[in-house]
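Here the structure is laid out as structure tokens; the discussion comes afterwards.
Chain naming here is simple, since letters A, B, ... match the order of the sequence lines and numbering starts at 1 in each.
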2 protein chains.
Amino acid sequence: MTTVRVLLADDEHLIRGALAALLALEDDLAVVAEAATGPEALAMARAHRPDVAVLDLEMPGADGVSVATSLRTELPGCRTMIVTSHGLPGHLKRALAAGVRAFVPKTVSARQLAGIIRTVHAGNRYVDPELAADAISAGDSPLTARETEVLELAADGAPVAEIAERASLSQGTVRNYLSAAASKLGAENRHAAVRLARQRGWV
Amino acid sequence: MTTVRVLLADDEHLIRGALAALLALEDDLAVVAEAATGPEALAMARAHRPDVAVLDLEMPGADGVSVATSLRTELPGCRTMIVTSHGLPGHLKRALAAGVRAFVPKTVSARQLAGIIRTVHAGNRYVDPELAADAISAGDSPLTARETEVLELAADGAPVAEIAERASLSQGTVRNYLSAAASKLGAENRHAAVRLARQRGWV
DNA sequence: CACTGCTCATGACAAACGTCATGTGAGGAG
DNA sequence: CTCCTCACATGACGTTTGTCATGAGCAGTG
């Protein structure tokens, strides 16, 4: 029996510590490194070369997906998986596109997580069935690249003039994109559109 | 030595289970009940009458603060504490106003948490120093009750007409409140105001 | 090559919005 | 009792929007 070397990255010390303790109970798993931020996770991974990196999606510095992207090129032998509280369909897609092998919500039990780590280590993938269903039913973003960009700039409630300036577009164009985005999303106005797009992980 | 009977409520199974395991290592603490939702937490508390209820702030059904409020009247002997990922000043204030004895971020370690549970059980209070500093520097909400109410209704990007209807106010009045709220918060428009108020936990 | 879809623009109009002046009534503070 | 604040309202004003028509340049596809 081989021992799986695991890197644990989560900014919540409470969870990270508790998780490490629980995984330590599994005698084929060994937590060889822990990290509380994105950059720290990268550094620890370089130093300890784990078999599997368990990454929280929301971390200070760099989120789980970008850490996974970096790891993919730097340590091809290291499988990555994402654990998260907020299972947005868009996040799942981004994660899979970044080569992440598993995407699980924090609502699973530690025992299940251990099983998933083994699955991933064996070279297989795992996606939470419910999240997968959501992602499939949610579908792809209907927004074009510019529409998405403009919508993001509108996300903090900025007026059109400011968005236009920051995007180097004319105000009329910005209004057109915003209008198109809102109608594609079935929203009454851009602010509601922002909310919807966020919910679906499209921004 | 008395044993402290603890109720653990958190919708993230991973965390709840891990936490229960870690707290079980402390021989003066006993996790007598677990819950994944607000209503479930209430039911479990009634059934098991714990000494201390450790409540996650964000749970389906009812959030930690409202559970704490209910517990305060139903089980006066049960001390409550809030654990959360997002330490917004406003949440801290609401929690303390609801009679919560401790407010801690999930970035603490399990050992620290155990200590805090003991502190709370002994009748003392605990507030994370950093959160406390934030809360003090952030100050109170400058908004009146109605301003807050209207701002909340505006939170999902609804047009003024809809807000007016839902608040049973005239559109002009709604605009006035929204305008007042935005200027008090130093925001350019109501949407930015919503964002700011959220950041500070005032909505 | 024609066709389609994305990008970017302009101009125009109606609706929604922000702001201000102004007024009434209720309730607390002095 | 008076003063002040808050809640609520109206009407009016200019500005910011959403929406639509229209058009040009530029990619990719059949």
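Rounded to an integer number of Å, the gap from CG of Leu178(B) to C1' of dA16(C) is 12 Å. At whole-Å resolution of the value, NE2 in His191(A) and C1' in dG18(C) are 12 Å apart. One atom, CG of Leu153(B), and another, P of dC17(C), lie 14 Å apart when rounded to the nearest Å. In this structure, Ile163(A) places its CD1 atom 9 Å from P of dG18(D), rounding to the nearest Å. Rounded to a whole Å, the OH atom of Tyr177(B) is 16 Å from the C1' atom of dT19(C). Summarising the geometry, the separation between CG on Asn189(A) and P on dT16(D) is reported as 17 Å, rounded to the nearest angstrom. The distance between atom NZ of Lys184(A) and atom P of dG5(C), rounded to the nearest whole Å, is 11 Å. Nucleotide dT17(D) holds its P atom 14 Å from the CG atom of Asn176(A), rounded to whole Å.
Comparing Arg175(B) and Glu147(B) along DNA chain D, the residue whose closest nucleotide (by nearest heavy atom) sits nearer the 5' end is Glu147(B). Taking the nucleotide of DNA chain D with the nearest heavy atom to each of Glu149(B) and Gln171(A), the more 5' of the two is matched to Glu149(B).
In this structure, Leu169(B) reaches the sugar-phosphate backbone alone: every heavy-atom distance under 4.0 Å involves primed, P, OP1 or OP2 atoms, never a base.
Panel note: side chain Ser70(B), backbone Ser66(B); a donor-acceptor pair is recorded below 3.5 Å.
At dC8(C), none of the side-chain N or O atoms of Ser170(A) fall inside 4.0 Å of OP1 or OP2 (strictly under the cut-off). Side-chain nitrogen and oxygen atoms of Thr144(A) include none within less than 4.0 Å of the OP1 or OP2 phosphate oxygen of dC6(C). Between Arg146(A) and dC8(C) there is a side-chain N or O to OP1 or OP2 distance below 4.0 Å. Proximity of Arg190(B) to the phosphate of dC17(C): a side-chain N or O atom is located under 4.0 Å from OP1 or OP2.
Residues His191(B) and Arg195(B) are not in side-chain contact: their nearest non-hydrogen atoms beyond the backbone lie 4.5 Å or more apart. Taking 4.5 Å as the limit, every side-chain heavy atom of Glu58(B) sits out of range of all side-chain heavy atoms of Asp11(B).
For Glu188(A), the CD atom counts as loosely surrounded, since its 6.0 Å shell holds 12 or fewer non-hydrogen atoms of other residues, nucleotides or ligands.
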